Each structure stands twice: as C-alpha cells, then as structure tokens.
Amino acid sequence: MKRFITNIIVFTILLYFTAAFFDKIISIGLMKSETKIFYSLKNINEGKINADIIINGSSKAFKQVDPVIIDTILGVNSYNLGLDGGPFIPQRAQYEIYKLKNIKPKVIIQIVSNGTLRSLKDGFKDPIKFAPFLNISEVKKNMKLTGSFNYWDYHIPMLRYSYFPFEIITGTLSFFNIQLFKTKDLKGYSPENKFWSEKSQDKIGISNKIKEIENSNNLQKVDIFTSLDSISCENFESFIAECRKDKINVILVYPPIYTEADKTIKHIEYFDKIAKKYNIPFLNYSRDSLLVYNRNYFYNSQHLNIKGASVFTKKLSEDIKSLTNNTLNRNKKKIKVN
Amino acid sequence: MLFNSIDFAIFLPIIFILYWFVTDKNLKLQNFLVVIASYIFYGWWDWRFLSLILFSTIVDYVIGRKLRMEENQTNRKILLWTSILVNLGFLVFFKYYNFFLDNFITAFTFFGTDIKANSLNIILPVGISFYTFQTLSYTIDVYKRKLEPTKDFIAFSAFVSFFPQLVAGPIERATHLLPQFYKRRTFDYSKAVDGMRQILWGLFKKIVIADNCAEFANQIFNNSADLSGSTLVVGALFFTFQIYGDFSGYSDIAIGTSRLFGFDLMRNFNFPYFSRDIAEFWRRWHISLSTWFRDYLYIPLGGSHGGTWMKIRNTFIIFIVSGFWHGANWTFIVWGALNAVYFLPIMLTKNNRKNLNTVAQGKLLPTLREFLQVLLTFSLVVFSWIFFRAENMGHALSYIGGIFSGENFFNIIPKTWGGRMQSDFAFSILSIVLFIIIEWIGRDKEYGIGFLNEIKFRILRWCLYVLIVLFIITFGGSSQDFIYFQF
C-alpha cells in the first residue's frame with residue numbers, strides 16, 4: 001500500500017509539472033497567435049495599438065465600424081476592439097488588458113445594443129481567447145462574472161484549454177513562431193462582404209439567435225438574451241465612471257437596425273439615462289433614416305454589410321467631428337461633450 | 001455521479017482511504033462503507049430513487065431467505081414470480097409504461113376506436129435495467145439452487161448497489177460477485193496498478209473518443225435531412241465509435257475501480273469491432289448482458305437444441321428482447337431483429353462458433369481474408385447502429401434513404417460547418433485512427449493499453465501515462481452523459 005500511495009503522489013507531482021510546462025508554452029504561444037480570435041488580443045498584449053480612439057462593442061462594432069474611415073475623417077489613429085458575440089463584461093476584460101499594456105485612449109466609442117448588458121447565464125462566444133490572460137487579476141475578476149471558466153480552470157494547469165484542440169495546436173506552433181493562420185490586419189475591423197438573403201428575410205424582426213430560441217418555444221430565454229442584467233449594468237456604469245476619472249471620453253453609440261426589425265431595438269431609455277447621468281454623448285442610429293430603410297446596407301436585420309458599414313462609419317465620424325469641434329486631431333484641444 | 005467528473009475524482013480517493021485505512025480490520029464495516037458509498041454515488045444523481053434500490057434489495061433478500069426454507073415447489077415458484085414481478089414491475093412502469101400506452105392507443109385508433117389516455121411524465125431512474133437484472137440473477141440462482149442465499153443483509157446490499165457497476169454494469173452474477181463480499185479483501189499492489197491503468201484507458205475512451213464523436217454524431221443525426229450520403233455514412237461511423245467508447249469506457253472504469261477495492265468484475269467488452277462474424281461480435285460486445293440473456297432466457301427456452309423453427313424462434317426472441325431492454329422504442333426492437341437476421345445464417349449453418357480466438361493472433365497484421373471478414377462484420381454493425389441511434393423508425397429510414405440517395409454523395413463536409421468545426425472534425429478522425437491502432441496492438445489483452453505493463457523501463461511507461469492523461473485533459477470532447485445511463 002505504501003508503495004502504491006508513494007507512486008500515486010510522485011505521478012501526480014510529475015503530471016502537475018508536465019501540465020504546467022505545457023500550459024506555459026500554450027499560453028505564451030496563444031498570446032502571440034495570429035488566428036482570428038486571438039489577433040486583437042495579441043496586438044493589445046504586445047502594446048502595439050496605442051490608439052487615440054478605440055471602438056468597443058460586440059459584433060455590432062467588430063463588423064460595422066471601420067477605423068480607417070475614422071482615421072481619415074478625424075485625422076486620428078483608431079482601432080476596433082469589437083468582440084464578436086461578446087457582451088459588455090468580456091469587452092471590459094479586454095479593455096483591462098488594453099489599459100495595462102497601451103497608452104490610454106482619448107476617446108472610447110462604445111457600441112451598445114439590445115444584448116450589450118444581457119445576462120451571461122448562457123455564456124458568450126469564444127471565451128477561450130481570455131484563457132492565456134487569466135493570471136491578470138482584472139481579467140480573472142471579469143471572467144468570474146461570466147462563469148466561462150470554473151474553479152479548477154483557474155487552479156489546475158491545462159484544464160482551461162480542455163476541449164480546445166485547435167487552440168492547443170496553434171498555440172504550441174505559435175510558441176515556436178509558426179503561424180499557420182494569419183489574420184489580415186484591418187485595425188480590428190472585420191467587415192461582412194455579403195448581402196441580404198432569403199434567410200435574412202425569414203429572420204426579420206428578430207436576430208438569428210432569438211429566432212432559434214423562439215422556435216423552440218422558450219420565450220423565457222429571449223428575455224435573457226436581451227435583458228438588462230444587474231451585474232452587467234453595474235459593471236458598465238463603473239467602467240464609464242472610471243473612464244471619466246481617467247479623463248477618457250466615452251461616446252455611446254446605438255448602431256442602425258433594419259426597419260422591419262425595430263422591435264428588437266431595446267434599452268434606449270437606459271442608455272439615454274446613463275448618458276445623462278455621466279454627462280456623455282449618446283448617438284442613437286437605431287432608426288437612422290439614411291440607413292435603416294435600405295436593405296442593400298444589411299446582411300441581416302441586426303448587422304450592416306461592408307457597404308452599410310462604410311456609410312455608417314462615415315456618418316458616425318462626421319458626427320463625432322462636429323461633436324468634438326474637430327479637436328481630436330493632433331490633440332489640439334480637449335474634447336468637449338454635451 | 002459521473003466517472004468523468006471532478007466530484008468522482010474527489011469521492012474515489014476519500015472512499016479508498018476510508019476503505020483501506022479505517023474499515024479494513026472489520027469486514028462488515030468495510031461492506032457497510034461500500035453500501036454508504038454506493039448510495040451517495042447514486043443519490044448524487046437523484047436521492048429519491050434510492051428507495052427503489054433499497055426496496056428491491058429488501059424484497060430479494062427476504063425472498064432469497066424464504067426460498068431456502070421453502071421445499072414446496074409451488075410456493076417456491078410463487079416466491080420466484082413475486083421477485084420477478086416486483087423487479088420487472090418497476091422496470092416496466094418506469095421504462096415502458098408510456099411506450100405501451102402510446103402503442104395501445106395507436107392500435108385502437110387504427111381499428112377505428114379512439115381512446116383517450118394521458119401518458120405520464122416519468123423520470124427514468126438511472127441504471128434501473130442494470131441493477132434489476134443483477135438482483136433477478138440472484139433470485140433465479142437461489143431458486144435453481146445454484147447459490148446459497150445470503151444471511152448477511154449488508155453484503156447483499158453491497159452486492160446490489162456496488163457503486164462502480166451500479167448504473168451501467170457490467171451486470172454481475174450473484175454467484176461471482178456476492179461471495180467476494182464474504183471474504184476479507186487484502187490490498188494487492190499489481191491489481192491496484194492494473195486497475196488504475198484500466199481506469200485511465202476507460203477515461204480516454206469516454207472523454208477523447210466518445211465525447212468527440214458524440215458532437216459530430218449528434219450534429220449529423222439531428223440534421224440528417226440536409227446532409228449528403230457520405231456525411232451520413234460518417235455520422236453512422238461516429239456513432240459507432242461513440243457508443244463503443246462510451247460504454248466500454250464506462251466498463252473499463254468500473255472494472256478498474258473495483259480492482260482498487262480488491263474486487264474482480266466480469267469482462268464486458270473484448271475488442272468487438274475486430275470480430276470476423278456477427279456471432280463473434282456478440283461474444284465480444286456487452287458480454288455481461290449477452291450471457292445474462294443466454295443463461296436466463298435463451299437456454300430456458302431450449303437454446304439451440306430442437307428443430308430449426310425453434311432455433312429461429314429462440315434467436316429472434318433473445319435478440320428482440322435484448323433490443324427492447326435498451327429502450328422503449330421500435331428502433332431498438334428493429335435493431336435487435338436486424339441482428340437476429342445477421343446471426344441466423346451463421347447459426348443455421350453451424351458456423352457460429354468458428355472464430356473463438358483473437359483475430360490474427362500472434363501476428364502484426366491480419367490476412368486479407370481476415371481483414372475482409374472484419375470489414376464486412378463492422379459494416380453490418382455500423383448499419384444496425386443507425387436504428388439504435390435514430391429518434392424513431394421514420395428517422396432511421398429517412399437516414400438510410402439519405403445515404404443511398406446519391407445526391408452530392410461525395411460532399412463529406414457540409415458548407416455550414418465553420419473552420420473550427422472542420423478542424424475538430426479532422427482531429428476526431430485522427431483520434432479514432434490512433435484509438436484503432438492502440439486497440440489493435442492490445443487486442444489480446446484485457447483492455448487496450450494492457451500491454452503497457454510489459455514495457456520494462458519505468459520512466460518510459462510513466463511518460464506514456466502522463467501523455468495519456470494530458471491527452472484526456474486537453475483533447476477531450478465536451479462532457480456528455482454516458483449513453484447507457486438511459487437504459
């Protein structure tokens with residue numbers, strides 16, 4: 001028995017250190033990985049962004065706001081940090097890494113929508129992108145709110161990479177500077193070069209995910225997907241307060257929603273209230289007549305395609321320009337809001 | 001409690017320490033600990049159904065005692081049937097009530113009589129088919145005087161509820177497992193190490209093979225109407241490996257865990273996918289259930305003795321009952337019947353005991369003839385699994401129709417699968433290939449990696465164990481319930 005127990009202990013120690021070794025290699029590798037889901041975080045972590053303006057948000061930022069247009073119109077350096085399928089708390093976690101490794105931005109364009117402050121009960125898309133950064137306390141704190149990682153993921157090496165063979169392989173290769181998949185650098189922007197289809201028509205009035213959920217007669221889940229979650233709201237407010245303290249100007253932006261789906265436009269009053277409370281601008285394009293009646297600008301009811309994104313970004317940039325009296329360029333004057 | 005859960009990873013060492021360090025001096029206390037551990041293990045899922053196990057234990061214990069004292073054959077038969085009715089009564093109620101009701105209503109509607117009856121929202125207690133058959137084997141063996149009924153209620157309770165095999169087998173015989181509770185167990189180092197190794201292999205099969213295959217099998221079976229013939233073939237193959245990895249993986253963990261506590265459980269799988277004919281497959285697949293049906297149903301019905309029609313009848317009965325044991329659905333019945341159809345020609349030509357040894361024994365590779373035999377048997381098995389996996393008969397038939405429709409047959413990867421899904425798909429195929437190679441190397445051992453014990457260099461052996469553990473941790477599929485829990 002003594003021999004058995006001793007062997008089990010020795011084996012466990014050996015296993016722990018081997019796992020810790022591989023965990024380190026994969027984590028370092030993923031921090032350098034140029035695959036689509038790690039690309040922005042890699043640039044953030046390497047301190048390569050240092051933008052004047054950052055665009056924060058979900059796919060509604062990621063796919064709809066073109067930093068190159070913003071740069072051209074405002075004469076600044078901007079970067080899109082949009083997280084596909086990511087509500088606010090993961091956006092915050094990403095911003096915390098940004099703050100640690102980059103110079104603070106002058107302006108944050110915070111794209112908001114019906115799902116920004118939703119409950120995280122059903123998780124969010126690709127939480128694995130935060131796995132290499134769990135040792136950063138602010139990231140850990142935010143990830144704990146999402147429930148995407150369990151207790152053991154934080155304490156046992158390699159567990160956080162369980163069920164992610166693709167990341168394990170690409171992370172290991174990337175550690176040795178072998179990049180199998182490279183992402184085209186569009187300053188974080190990922191436009192959709194596709195147009196409205198029959199499928200989009202079917203899903204009018206409701207986003208794809210909500211529609212699927214509705215089809216399964218689980219209306220309760222629809223509420224979860226577009227609800228205002230108290231923890232997310234609290235986190236959102238503390239973020240705005242912190243930005244104000246850091247003298248970073250936040251502009252809330254609600255992007256255009258295709259007109260026939262206007263019942264999915266939610267929480268306008270809430271964002272309006274927050275804007276007033278913290279004295280920040282709230283630009284609401286959800287029913288903007290330039291965009292929302294033209295189906296050629298959308299690929300589904302919730303998202304603009306590349307053509308629509310271009311029109312939208314131009315309009316947004318012009319509005320920010322007039323809002324700031326064109327003071328962002330070369331840091332001539334401080335931004336003036338409201 | 002699932003074997004592949006953190007809960008079990010904590011539970012097992014605690015019970016192990018209590019078993020060998022606290023209760024080892026007192027056999028009764030040690031058996032009592034097994035009972036308590038088993039009830040916690042089962043109650044972790046749903047404590048309410050513990051009463052069913054307890055009730056079944058009391059009924060069979062009491063009937064066993066009475067059978068010993070009773071000499072009158074009629075009274076003995078009444079006692080036996082009481083046990084059968086109580087045990088099967090629970091099983092029928094929980095598992096088959098709604099099935100019978102629905103079919104009863106359908107049959108009457110077919111003849112023009114509308115019957116209104118409400119089906120019940122019944123939760124199927126985990127493992128009920130397994131422990132019911134285990135307790136039945138006790139009463140039947142006592143009735144046949146093959147086994148002396150036990151006086152020791154604690155030992156009997158431990159036999160009925162023994163946690164490693166309680167919810168998904170192997171279905172133990174009282175003649176084999178019960179006596180092990182009467183004797184003092186001593187810790188055997190090599191047995192325990194072998195147990196750990198078998199647990200490791202069971203976890204690999206479950207987490208790496210079954211759980212990864214499950215994702216694709218579910219995806220393909222749930223969207224079968226929109227997919228090409230080749231994708232549907234791949235879906236059936238994924239399910240083939242899912243069910244094997246899942247169920248034989250569970251058995252390996254159960255047998256390995258029992259070894260840690262000094263018990264020997266019967267072997268449940270013997271590399272069934274390397275079988276050269278369907279009879280060999282059934283000697284190697286779910287052995288504890290096949291032999292149960294053989295001993296308690298097939299032989300009492302006359303077995304393979306008697307005329308041709310009797311042989312055909314008995315074969316169909318045993319396969320159809322075996323199919324029905326798996327679940328209350330016509331798909332399981334057709335699956336059983338299809339296997340009977342596969343089996344009959346072999347049995348009627350008296351070739352059913354031709355392949356008793358291991359394929360290509362002592363050789364690295366099989367002959368071309370052996371290879372083709374294995375391939376044909378495997379293909380027949382894969383085809384039958386379509387019925388087993390399908391939601392209903394309509395689904396099974398449309399799935400098979402889809403395979404042979406010929407439309408875009410070679411378009412294996414659907415357009416809807418994104419990059420991640422495609423890479424996971426490639427990874428799952430590679431895992432299956434690796435798995436087949438390891439199982440082939442270890443096919444004359446008790447389990448796939450049994451041969452690792454023969455590696456003399458301890459460091460190399462340990463490195464391979466570490467590698468397997470890391471493989472399980474990192475390349476496992478998202479956790480799925482064990483399929484056989486529902487049976």
Side-chain angles (χ1 to χ4, degrees), chain A residues 1-23 25-27 30 35-38 84-85 123 125-129 131 150-173 180-181 183 199 208 216, chain B residues 4-7 9-10 12-13 16-17 19-21 24 186-197 200 207-208 211-212 215 259-260 262 416 418-428 430-431 458-459 461-463 465-480:
Chain A
M1 178 62 90
K2 199 176 155 190
R3 189 176 156 206
F4 181 74
I5 304 255
T6 311
N7 280 350
I8 291 281
I9 293 167
V10 172
F11 182 77
T12 309
I13 293 168
L14 180 71
L15 182 65
Y16 182 87
F17 283 105
T18 313
F21 173 74
F22 281 111
D23 187 286
I25 286 195
I26 292 161
S27 297
L30 287 177
T35 57
K36 201 169 182 180
I37 64 166
F38 286 95
D84 193 16
K125 197 177 172 188
D126 296 329
I128 185 69
K129 64 178 73 167
N150 64 33
Y151 175 84
W152 306 103
D153 291 331
Y154 294 106
H155 296 94
I156 299 178
M158 287 302 287
L159 273 191
R160 56 185 152 165
Y161 298 118
S162 277
Y163 317 135
F164 289 98
F166 180 76
E167 276 67 29
I168 292 165
I169 293 165
T170 52
T172 309
L173 291 174
L180 288 185
F181 305 93
T183 303
K199 237 178 168 182
N208 301 358
S216 65
Chain B
N4 54 332
S5 66
I6 296 282
D7 300 342
I10 295 167
L12 185 63
F16 181 85
I17 289 165
Y19 185 88
W20 290 115
F21 293 101
D24 63 317
T186 48
F187 183 80
D188 180 341
Y189 175 79
S190 51
K191 195 172 172 175
V193 169
D194 201 43
M196 289 295 285
R197 201 165 28 234
L200 184 62
I207 298 171
V208 178
D211 288 351
N212 275 310
E215 282 180 43
R259 284 189 174 163
L260 289 179
T416 49
R420 175 178 293 277
M421 191 115 176
Q422 287 180 26
S423 70
D424 285 355
F425 177 78
F427 175 78
S428 297
L430 285 175
S431 302
R458 193 182 181 187
I459 294 174
R461 217 166 52 227
W462 278 39
C463 285
Y465 296 149
V466 168
L467 205 68
I468 295 171
V469 177
L470 288 178
F471 211 84
I472 291 169
I473 291 174
T474 54
F475 293 119
S478 57
S479 185
Q480 316 261 343

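Predicted, not measured: the structure shown is a model, and the values here were computed from it. Chain identifiers are assigned alphabetically (A, B, ...) following the order of the sequence lines, protein sequences preceding nucleic acid strands; residue numbering begins at 1 within each chain.
Using a 4.5 Å cut-off between heavy atoms, A:Ile26 does not touch chain B at all. For A:Phe181, no part sits under 4.5 Å from any heavy atom of chain B, backbone or side chain. At a 4.5 Å heavy-atom cutoff, the contact between A:Asp126 and chain B is made by side-chain atoms alone. Neither the backbone nor the side chain of B:Leu467 comes within contact range of chain A; no heavy atom of the residue lies under 4.5 Å from a heavy atom of that chain. Proximity to chain B is absent for every atom of A:Ile156, based on heavy atoms less than 4.5 angstrom apart. With a 4.5 Å cut-off on non-hydrogen atoms, B:Ile473 touches chain A through its backbone and its side chain both. At a 4.5 Å heavy-atom cutoff, the contact between A:Ile168 and chain B is made by side-chain atoms alone. With a 4.5 Å cut-off on non-hydrogen atoms, B:Thr474 touches chain A through its backbone and its side chain both.
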A:Asn7 and B:Tyr189: CA distance, side-chain angles, deciding distance, side-chain contact (heavy atoms from CB on, under 4.5 Å) verdict: CA-CA 11 Å; A:Asn7 280 350; B:Tyr189 175 79; 2.7 Å; yes
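For B:Ile17, the side chain to side chain contact (heavy atoms under 4.5 Å, CB included) partners are B:Phe21, not counting sequence neighbours. Taking B:Asp424 as the reference, A:Pro165, B:Phe216, B:Arg420 meet the side chain to side chain contact (heavy atoms under 4.5 Å, CB included) condition, with sequence neighbours excluded.
A salt bridge is defined here as a Lys NZ or Arg NE, NH1 or NH2 lying under 4.0 Å from an Asp or Glu carboxylate O, and B:Asp194 with B:Arg197 meets this definition.
Annotation for A:Arg160 and A:Ser27: closest pair NH2-OG, 3.6 Å, computed over non-hydrogen atoms.
Looking only at atom types and distance, the side chain of B:Asp188 has no donor-acceptor partner in the side chain of B:Thr186 under 3.5 Å away.
Ring-plane geometry between B:Phe16 and A:Phe4 is classed as tilted, the angle between the planes lying from 30 to 60 degrees on a 0 to 90 degree scale.
Contact count against chain B (heavy-atom pairs under 4.5 Å) is highest for A:Phe11 among A:Tyr161, A:Phe164, A:Phe11.
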